[in-house]
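Reading through the structure tokens given below for one structure.
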Amino acid sequence: MENLSVVLYKRREEKPKCDIVLENRPIKEPGEGEVVIRMHSVGICGSDVHYWINGRIGDFVVDDPMVIGHEASGTVEKCGKNVSHLKPGDRVAIEPGYPLVNDDFSKSGRYNLSPVYFCATPPDHGNLQRFYTHNADYCFKLPDNVTFEEGALIEPLSVGIHACRRAGIDLGQKVLICGAGPIGLVSLIIAKAMGAASVVITDLFENRLEKAKELGADFTIQIVRGESPQDTAKRIEKVLGGMPDRTIECTGAESAIQTGIYATKSGGCLLLVGMGPEKVSVPLVNAAVREVDIKGVFRYCNTWPTAISMLASGQINVKPLVTHRFPIEKSQEAFEHTRDSKGIKVMLKCDPNDQNP
Ligand code: NAD
Ligand code: 572
Ligand code: ZN
């Protein structure tokens, strides 16, 4: 059976450091506890584009050809031995990371902190292909009223759920979100669903802030390059009518992290979701003397069942996040769209017989 796959190949010249190659690859037979999935929808993430353009993220280098893609959903085609909760024909959302060892993190439920297999993080292959074989325990059955694209969006949504859980978002809170890219926007959706009373979101670009308003942001602030973080923090306090109890930083930009510290209310909490340079200069003493807790976020754990319930019940609407769709054959064009920040989420359609949402 044909298995068209989108593969990054390292090249010698400067940028981009990888070529996007469409090729036919063998379908991996399902081992014990695995399922083969007929892929339907795969979203493009900023990290996929980063691997294409730079050939690496930090220490994770695309040395060998790597299938790209990790925001995915599809239909079970075949089950390996000892798979009891899924059967061929089931529609599933794929959690791309699963622990490889049963260590203390894994046993206590924080399996994101264990050594993991993670789709499209070298050396692990992703799932932007017609057929992909995955650990069945990390494939979650989708109810009939949840679309494949919503299923694929559970992956970025999970980052927002995990960040808001770690932030302790609660009823009536004021919340600041820095950055209105896909991750800032899913954090906005979840913060509102968890009871935040007023959310302000920042970005450099007006079109991103427009999307944030469409998704329920109470206030938006356009960041002016060169403005001091203290002055930005004052603008944030003014629109919210007080300092934010919680801040979720989704840019990785040094100036936004600085703003996050100055803006957050004493006794509050700042979540670092954005990943920028390894070392940043921040007003740490300002945070310390005001007991502003600073917490990290590494992907997510235990979020797919929550996301599926929220989507199936209509508690949240993520559909407006999808702004572009391309058939898998046009992956190069789709990646160029994400690279050029055209729209928000670009979806690739892997099934030639079903290109629906
Ligand atoms: P993105 O680049 O699409 O969005 C970032 C947004 O921030 C952009 O709209 C940009 O205009 C805006 N921005 C840049 N500088 C700003 C500033 N100084 N103030 C306000 N806004 C500013 O990226 P994304 O897909 O939304 O991801 C956001 C970040 O989250 C990335 O750094 C990504 O690597 C990171 N991420 C982390 C995890 C994790 O596990 N911690 C998981 C997923 C993504
Ligand atoms: O959807 C998962 C995801 N994680 C991202 C970025 C985009 N999408 N992270 C930022 C980069 N890190 S990492 O630790 N790494 C490349 C493994 O620097 C992971 C989380
Ligand atoms: Zn991602």
Side-chain angles (χ1 to χ4, degrees), residues 42-51 54-62 68-72 94-97 112-113 115-124 126-128 152-163 166 176-188 200-212 220-229 232-233 235-236 247-260 263 271-278 280 295-301 303 321 323 337-346:
V42 180
I44 301 180
C45 171
S47 69
D48 297 323
V49 174
H50 204 282
Y51 282 120
N54 301 298
R56 66 189 304 153
I57 300 180
D59 294 339
F60 295 84
V61 183
V62 185
I68 198 73
H70 61 273
E71 302 180 356
I94 302 170
E95 177 167 357
N112 55 322
L113 304 179
V116 290
Y117 180 96
F118 199 92
C119 289
T121 295
D124 301 332
N127 47 29
L128 182 48
L153 286 167
I154 292 175
E155 202 283 335
L157 193 57
S158 288
V159 180
I161 294 173
H162 190 61
R166 281 181 58 70
L176 162 65
I177 294 172
C178 306
I183 297 299
L185 295 173
V186 293
S187 301
L188 159 68
V200 62
I201 186 160
T202 67
D203 205 284
L204 299 166
F205 300 107
E206 190 52 42
N207 59 336
R208 295 231 146 167
L209 295 175
E210 283 303 320
K211 181 60 81 172
T220 59
I221 289 184
Q222 190 163 6
I223 297 299
V224 183
R225 288 189 200 271
E227 183 179 51
S228 77
T232 310
R235 282 207 283 155
I236 289 161
T247 297
I248 303 179
E249 203 302 302
C250 302
T251 74
E254 184 175 69
S255 60
I257 301 171
Q258 292 168 347
T259 298
L271 271 288
L272 300 181
V273 182
M275 299 260 177
E278 192 181 14
V280 286
K295 286 190 178 185
V297 168
F298 188 64
R299 299 177 179 143
Y300 38 68
C301 51
T303 49
L321 291 169
T323 51
H337 263 65
T338 303
R339 177 198 63 193
D340 299 341
S341 298
K342 290 186 182 154
I344 303 293
K345 186 57 71 183
V346 176

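Starting from 1, each residue takes its place in the sequence as its number. Just so we're clear, the structure is a prediction, and the values are computed from it rather than from any experiment. Atoms within a ligand are numbered from 1 in the order they appear, just like the ligands themselves.
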### Query
Does Arg299 approach ligand 2 within less than 4.0 angstrom via side chain, backbone, both or neither, non-hydrogen atoms only?
side chain
### Query
Right, does atom 5 (C) of ligand 2 have protein non-hydrogen atoms nearer than 4.0 Å?
no
### Query
Do you see a protein non-hydrogen atom under 4.0 Å from atom 7 (O) of ligand 1?
yes
Identify, for [atom], the protein heavy atom at the shortest distance, and state residue, atom and that distance.
atom	answer
atom 18 (O) of ligand 2	Ile57 CG2, 3.9 Å
atom 10 (C) of ligand 2	Met275 CG, 3.6 Å
atom 41 (N) of ligand 1	Val297 O, 2.8 Å
atom 30 (O) of ligand 1	Gly274 CA, 3.6 Å
atom 2 (C) of ligand 2	Glu155 OE2, 3.3 Å
atom 4 (O) of ligand 1	Gly181 CA, 3.4 Å
atom 13 (S) of ligand 2	Phe298 CE1, 4.5 Å
atom 32 (O) of ligand 1	Met275 N, 2.9 Å
atom 15 (N) of ligand 1	Leu204 CD1, 3.6 Å
atom 2 (O) of ligand 1	Arg208 NH1, 4.6 Å

#### Entry: Part of Ser255 with heavy atoms under 4.0 Å of ligand 1, whether side chain, backbone, both or neither
side chain
### Query
Side chain or backbone of Tyr300 under 4.0 Å from ligand 1, or both, or neither, by non-hydrogen atoms?
neither
### Heteroatom proximity flag, His70 to ligand 2, N/O under 3.5 Å
yes
### Task
Return yes if a side-chain donor-acceptor contact under 3.5 Å exists between Thr220 and Gln222, otherwise no.
no
### Query
Can you tell me the angle formed at the Zn ion (ligand 3) by NE2 of His70 and SG of Cys45, to 10°?
110°
### Cys45 heavy atom under 4.0 Å from ligand 2
yes
